[in-house]
Structures are given as C-alpha cells and as structure tokens.
Trainee: 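One structure is given below, represented as structure tokens, and several questions about it will come after.
Quick note on labels: first sequence line is chain A, next is B, and so on, each numbered from 1.
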There are 2 protein chains.
Amino acid sequence: MEGDARKRPVTIADIAAATGVAVSTVSRALSRPSRVSAATRERIQAAARDLDYVPHPPARALASGRTGTVALVVSDVTNPFYFGMIRGTQQQLKAAGYAHLLIDTEDSADHEIAMLHTMRRSLDGAILGASRLPARALVALAAEIPLVTVNRNVRGVPSVVIDTPAGIAQAVEHLVSLGHRSIVYVSGPTQSWSNQARWQAMKAALDRHHLPAARVGPFPSGRGSGVAAADAVVNTGATACVAFNDLFALGMLVRLRERGVAVPADLSVVGCDDIFGADFSNPPLTTLTAPIEQAGRMAVSLLVSRLDHRAPQPQRRAVVLPTYLTVRESTGPRP
Amino acid sequence: MEGDARKRPVTIADIAAATGVAVSTVSRALSRPSRVSAATRERIQAAARDLDYVPHPPARALASGRTGTVALVVSDVTNPFYFGMIRGTQQQLKAAGYAHLLIDTEDSADHEIAMLHTMRRSLDGAILGASRLPARALVALAAEIPLVTVNRNVRGVPSVVIDTPAGIAQAVEHLVSLGHRSIVYVSGPTQSWSNQARWQAMKAALDRHHLPAARVGPFPSGRGSGVAAADAVVNTGATACVAFNDLFALGMLVRLRERGVAVPADLSVVGCDDIFGADFSNPPLTTLTAPIEQAGRMAVSLLVSRLDHRAPQPQRRAVVLPTYLTVRESTGPRP
DNA sequence: TCGGTGGTGACAACCGTTTGCCAAGTGTTG
DNA sequence: CAACACTTGGCAAACGGTTGTCACCACCGA
C-alpha cells in the first residue's frame, strides 16, 4: 500500500521524527551501523524500510565529498576494443557499489583533460582506457583526481597494462616458423602508446631473427582503415603482417577478399586484442588474445582499494597482464 | 602559473569576494546570464576564469534538483546490440550537456526496478534499452523518473521502437521468393518484448503465404545459444530460418560450419539488427538492418526535450524507426 | 518636482547529509 | 562507593550552490 505518490520525498529527518532520535543518529545508523547500538539501529532501519526511504546521493556527496561514481574514459565508444573494458569495469564497479559513468573523449587529448577537470568534483576516480595524454598532463591530472590507466604506463600513476609486446614476439616466432621472411607491421595512430610499444616489440623480435623491420601506416583508428592498410601491405610484397589491432585486421580481411588476395595462402594476417568478431571472421583471425575484460576489472580493483582505505598504503602500482597467441586460420605457410 | 595546487577549491563565494558582489549574483551570472547586467556578468566571468572556478555538480544538484545526468539502462552490456545504443546515446547526451551513466540490470527485472528506484534522485532521466519490466511496473517507474523506452511500447511512456516486425515481413518475402517453404523462427528470451513482436510478425507473414509457422527455442540471450539453436533448426528439417537476433545467427553460423551444414546451400539464415560483425562473418549475414544508433540518439532527444522545457508540451510520444533487409550471403535458393 | 516603472543585485532560506565535538549514561574497576 | 573509561546519541555547523523576495536605483513622463 505505498500508493501515497506525489509526496515530498522521505528524508532522514522523517525517520528521525518517526523513531524519536536525532538525524545524526539516523545518518550514522544508516552509514556506519557499528557506531550505534543494535536496538536503535534496528528501529531506525525498520522505520527507513517502512517509509521507503531512499538516500539522496547528491546530498551525500556534498556533505561527504564522496560521490560513489567512477568514470571510464575511452577515446571512442565505437571501438569494440572498449567493449570488453566497459563490461569488465561495469561488473567490478557494480560489485563495489559504485556507479559507472562513461566518458568519450573523441580521440582528443584536450577533450580528455577538459572533461576530467570539469567533472572531477562529481567523480571519486577515473579509469583511463588508452589515454592520449602526454605524460606530464597525466601526472597533473592524477593530482586532481584518483586515476588508474590501462595500457599506458606513466611513473606515478597506477596502471594495468596488457603485455601485448610479449605477445608480439610470439606472433613473430609463429610467422617465422611458418617460413615468412618478409613481415610488415601495420601501424596505428601515432599518439597511441600501445602502437608504439607494439612496433618496438616487433622490431626487436624481427631483429632477433635478423629480419628487416618494415611498417606501413600510420592509419587512423577504425575498421575503415583496413582497406588502405590492406592495399599498402600488398604493395610491400610482404608475405605476412601483424596489425596494430583486430579492427584493422578485420578490415583488411574484407578488403583482401575483395581484391582476390587469399588469406592465408597469399598473405598471413595476425591481429591484436582478440575482440568480438575475431573468431568468426572469414577466415577466423589469428590474434593476440588480450584479457581486456580482466584488465577492466583489475583497474577498478586498483582504484577502489585506493579509494576505500583512507590510508594510502603502498600497493602494486602497475600490474601487467599476459597475452597469448591464438592461432586460427588467417596465418599459414609462406606462399 | 596555476601551480597553487593542494588549495581549497574555488567556490562562487570566492568569486563574489573578488568582484565585490553577492554570491547570488555570481550564481545567476553563471547560470542565467541574462538575469544580470552585461558589465557585472563580464566581471564575474572574468574572475571565474582567473580563479579557475569549476562548478560543483553535487551542490548544484542538491540545490536545484537537476543532476545533469541521464542513465542508459541495458540488460547486458555484453550484448553487441547495445553497442550502437551506447554510442548513439553517448553522442547525443554529450551534445546536450548531460553525463552518461551506464547501468546493467543483468537481465533481471527486479534489478532494473531496484537500481532505478535507488538512483532516481541522482538522475534527471533514464533511457531503457529493451526493458524487461512488466507494463504496470514500467508505468509506475515512469511516475518516479522521466523515462524513454527503446523497443518497448507501453502506453504513457514515450518510446522509440525499431520496426523490426515490418522488416521481418520483408525477410519472409525474400525467403519465399527464393523458394523456401519451411521457415522456422529461432526464438529468444520469452520476456523479451522484441522477441514476441518478431514472432508475431513472422507468423503473420507466413500466414499470408499459407505457410506453417514454426519456431524453436526459446533460447537464452547470448552467442552461446547459437549452437543449441543451430542443432534445433537442423532437426526441424527447415530450409531457412529467421533468428531472433544477430547474436544467435552468428553463433549458429559457427555451429553449422562445424557440423558441415553449408550456408546458404543447405540452410538459409537471416538475422536481426545488423550488429558489428554481421558483415564480415562467414558467410556475411543477411539481416534486418536496424538503425540502433539513431534509436539511441532519438531516445535522448525525446528525453532531453522533455527535461529542458518545464512546460511538458504535448509532443511525439512514440517514434517508430524503419528497418530494411540487407541481403548478404547467408541466404540463397532452396536446396 | 514627484510618483511610477523596469531592471539590477543583495539577503537569506533552503536542498539532504555528514561529522566534529560534547554531554549524558553505562558498566567496570580499585 | 567513587573515579574512570567507554558507549551512545544529540547539537549544530558545514558542504556549495539556487532561488523567491524585496530594496534600491535611475530614468521616465506628467
């Protein structure tokens, strides 16, 4: 029978009145239950239930400074790479009782700073998925608001990075063992930290085999880049390539098919990340499987543990997650 | 030179002090500029800029009741169908100056109610992507907080629905014209409104051709269901099927390939939604292309226009977006 | 010269919680 | 039995804005 709609919302003052205690007691009974005797606590909680009391987050935030909200900042919600991250952070945040705010920076560092700066007071912290920010800006921002970065390692800012570079080495071994001698890297956006890291790893791995390191690109992020990339790779005459990410690789696959280039008979392709779709593309993509979702969860854990205990105890500042090569059907012996 | 970190944050009181006006004037100069003379306004804005003033959203929310936040509620962030919606709402919300909160109900109606009920005070409104709520619960909730539903039409709650049923008819025509006589529907979760709508449309369309309407399922949402679904369809001996959504269809494709059932030679498959991946699967999927992203944008527009003007002017309560059949390679002549 | 008018800005009362500080009450100990 | 240490709960001051109400001012026409 709670049909008494259109009423002034219930506040802790109402509960206080109903139970005959002070509002402060109600507040404590509700938020720090141990601070109040069992009997009173019960009475208050019962009253709260009866009155259908719902806390008012903004008021709470104003008084306490804690908002119970964490933002996930991505450069482009469109990118399927983030899907896993959204999912992982969502799960873990919910478990920790935080709300999940989604911010899209549209690939702009300025946007990234501005948004975070503006919203800092309404956030308890933020998780930066693949930040485009220069290191010093990142550090400055971290002073304003608790931050955890993903796939971006800057001294002083806690981070979780997926160790794709190590995976790249595996990929190169794989290709070399298939007889490939001419392997090219398909480069992503220059500002991307991951892109740099992957290219470096690639160079190192090829060097170990005394093979030349070549790359095409850079290409802007997005599946559309696949067609340009495919054409460029074909022009190099390489027999295999490693793409900056699966989005590129998937795009290339489509384009190569269009051009009549057989994969893997004419050209082997390996991607990075193992995003949704990599397993049912044509052919299924050999790729570096990244624990993206886990990275999201991890990032939240790092952040939340820092938020919960007022004592900023020393803890792991940077966690590294391994990747492994998932061999499917886009790679094969040298033609 | 704003290196004066670790300071007490700037408030409008500081601006008031700096310019020699009252805080109320500052507040008005910042939020309703026309309410203040040009000269004062300039002075105040300049001071705000100098002091690097950033408004405090919770305080604003507490005083005004408006939070500047809108939630997108999905049953499962994991489902690629929502990716387009997330993208669309994100874009439009940002443009309208709202923050974008993401809520996952984990496919539970109880969760959905509880979350929304709890967060209602920190939200200006919510967009329900494929709500699982019974109609009356939906209406009750809409009384608590401004709502717009997507793909769910309940009297009294503004909505945008994607007209997949009309598309289904097209799909059936397509299949019939290819000679198929035995077409089966692969049913999704029973509580899904869309699923019901699609099945009804399917029945009607088949009826028009005096063909029997059959279905398999229901299957739980998720790509995994594809294997069970594929097996079930094969058992019916049908030569074509329409799947509740692309996720199912994509899953089926994988399973059918595994079993050696050729698509479309042995079995034609059509999906719904045209999610990411439908165009590069093997074979590329014939599907009903739904303007999901546009639906998201539309939903936000509906909501925001209702929020902005205090006068709840009569306006379009339900918008319907058309779909069309995208024929790719998963459908072909009857074997 | 005086009353009227429109516009500007100040006062102060909220909005709903949290929390530091303190007083009263309880039980324990010497 | 008194002194003491803990609990327990109340008071009231924040937190940072918004907004209804009203005083004041200058300018206008009569």
Side-chain angles (χ1 to χ4, degrees), chain A residues 7-45 47-48 51-69 97 118-124 307-308 310, chain B residues 7-45 47-48 51-69 118-124 307 310:
Chain A
K7 289 267 303 175
R8 183 180 53 73
V10 180
T11 73
I12 54 171
D14 297 324
I15 302 185
T19 54
V21 300
V23 297
S24 54
T25 307
V26 176
S27 171
R28 279 193 268 265
L30 263 26
S31 41
R32 219 175 336 305
S34 63
R35 185 65 181 67
V36 126
S37 73
T40 341
R41 189 195 319 148
E42 301 273 286
R43 251 185 338 130
I44 292 178
Q45 288 173 343
L51 269 39
D52 188 27
Y53 166 74
V54 176
H56 190 166
R60 203 187 278 246
L62 177 57
S64 70
R66 282 170 267 107
T67 62
T69 302
T118 306
M119 314 201 63
R120 92 198 120 136
R121 309 289 304 275
S122 45
L123 258 30
D124 282 352
L307 258 31
D308 280 358
R310 40 273 298 129
Chain B
K7 289 268 304 176
R8 184 180 52 74
V10 180
T11 73
I12 55 170
D14 298 324
I15 302 185
T19 55
V21 301
V23 297
S24 54
T25 306
V26 176
S27 171
R28 280 195 260 267
L30 262 26
S31 41
R32 220 175 334 307
S34 63
R35 186 67 181 67
V36 127
S37 72
T40 335
R41 189 195 320 148
E42 302 273 285
R43 249 184 339 130
I44 292 179
Q45 287 173 345
L51 269 42
D52 188 28
Y53 166 75
V54 176
H56 190 167
R60 202 190 281 251
L62 177 57
S64 70
R66 283 170 267 105
T67 61
T69 303
T118 307
M119 314 200 64
R120 93 197 119 136
R121 310 289 304 276
S122 44
L123 258 31
D124 282 351
L307 260 32
R310 41 272 298 127

Trainee: Test side chain to side chain contact (heavy atoms under 4.5 Å, CB included) on B/I44 and B/L30 and set out the steps.
Mentor: CA-CA 8 Å; B/I44 292 179; B/L30 262 26; 4.0 Å; yes
Trainee: Could you work out, with side chain to side chain donor-acceptor pair (under 3.5 Å) as the rule, every residue matching A/T69, not counting sequence neighbours?
Mentor: none
Trainee: So which protein N/O to nucleotides 24-27 of chain D N/O distances come out below 3.5 Å?
Mentor:
none

Trainee: For residues 10-23 of chain B, which residue pairs qualify under salt bridge (charged side-chain N to carboxylate O under 4.0 Å, His left out), counting only residues two or more places apart or in two chains?
Mentor: B/R8-B/D14
Trainee: Run the side-chain donor-acceptor check on residues 15-29 of chain B: report pairs under 3.5 Å with partners two or more places apart or on a different chain.
Mentor:
from, atom 1, to, atom 2, distance (Å)
B/T19, OG1, B/I15, O, 2.9
B/T19, OG1, B/A16, O, 3.4

Trainee: Students should find this one: the first and last nucleotides of DNA chain C, 5' to 3', lying under 4.0 Å from a heavy atom of chain B. What are they?
Mentor: C/dT8 to C/dG16
Trainee: Please enumerate all protein N or O atoms sitting under 3.5 Å from an N or O of nucleotides 15-18 of chain D, with distances to 0.1 Å.
Mentor:
from, atom 1, to, atom 2, distance (Å)
D/dC15, O2, A/A63, N, 3.4
D/dG16, N2, B/A59, O, 3.4
D/dG17, OP1, B/Y53, OH, 3.2
D/dG17, OP2, B/I12, N, 3.0
D/dG17, O5', B/Y53, OH, 2.9
D/dT18, OP1, B/R60, NH1, 3.2
D/dT18, OP2, B/S27, OG, 2.4

Trainee: Restricting to side-chain contact (heavy atoms from CB on, under 4.5 Å), what partner residues turn up for B/S37, sequence neighbours left out?
Mentor: B/A39, B/T40
Trainee: Using a 4.5 Å cut-off on heavy atoms from C-beta on, say whether the side chain of B/P57 contacts that of A/R121.
Mentor: yes
Trainee: Any donor and acceptor pair, going by atom type alone, linking the side chain of A/T67 with main-chain N or O of A/S122 inside 3.5 Å?
Mentor: yes
Trainee: Checking B/R41 now: which residues fulfil side-chain contact (heavy atoms from CB on, under 4.5 Å) with it, not counting sequence neighbours?
Mentor: B/P33, B/V36, B/A38, B/Q45
Trainee: Please enumerate all residues that pass side-chain contact (heavy atoms from CB on, under 4.5 Å) together with A/R120, with sequence neighbours excluded.
Mentor: A/H117, A/E144, A/I145, B/V54
Trainee: Measuring from atom CD1 of B/I12 to atom CG of B/L51, what distance do you get when rounded to the nearest 0.5 angstrom?
Mentor: 12.5 Å
Trainee: Determine to 10° how strongly the helix from C/dT1-D/dA30 to C/dG30-D/dC1 is bent, judged from the axes of its five-pair ends.
Mentor: 50°
Trainee: When rounded to the nearest 0.5 angstrom, what distance separates CG in B/L62 from NE2 in A/H56?
Mentor: 6.0 Å
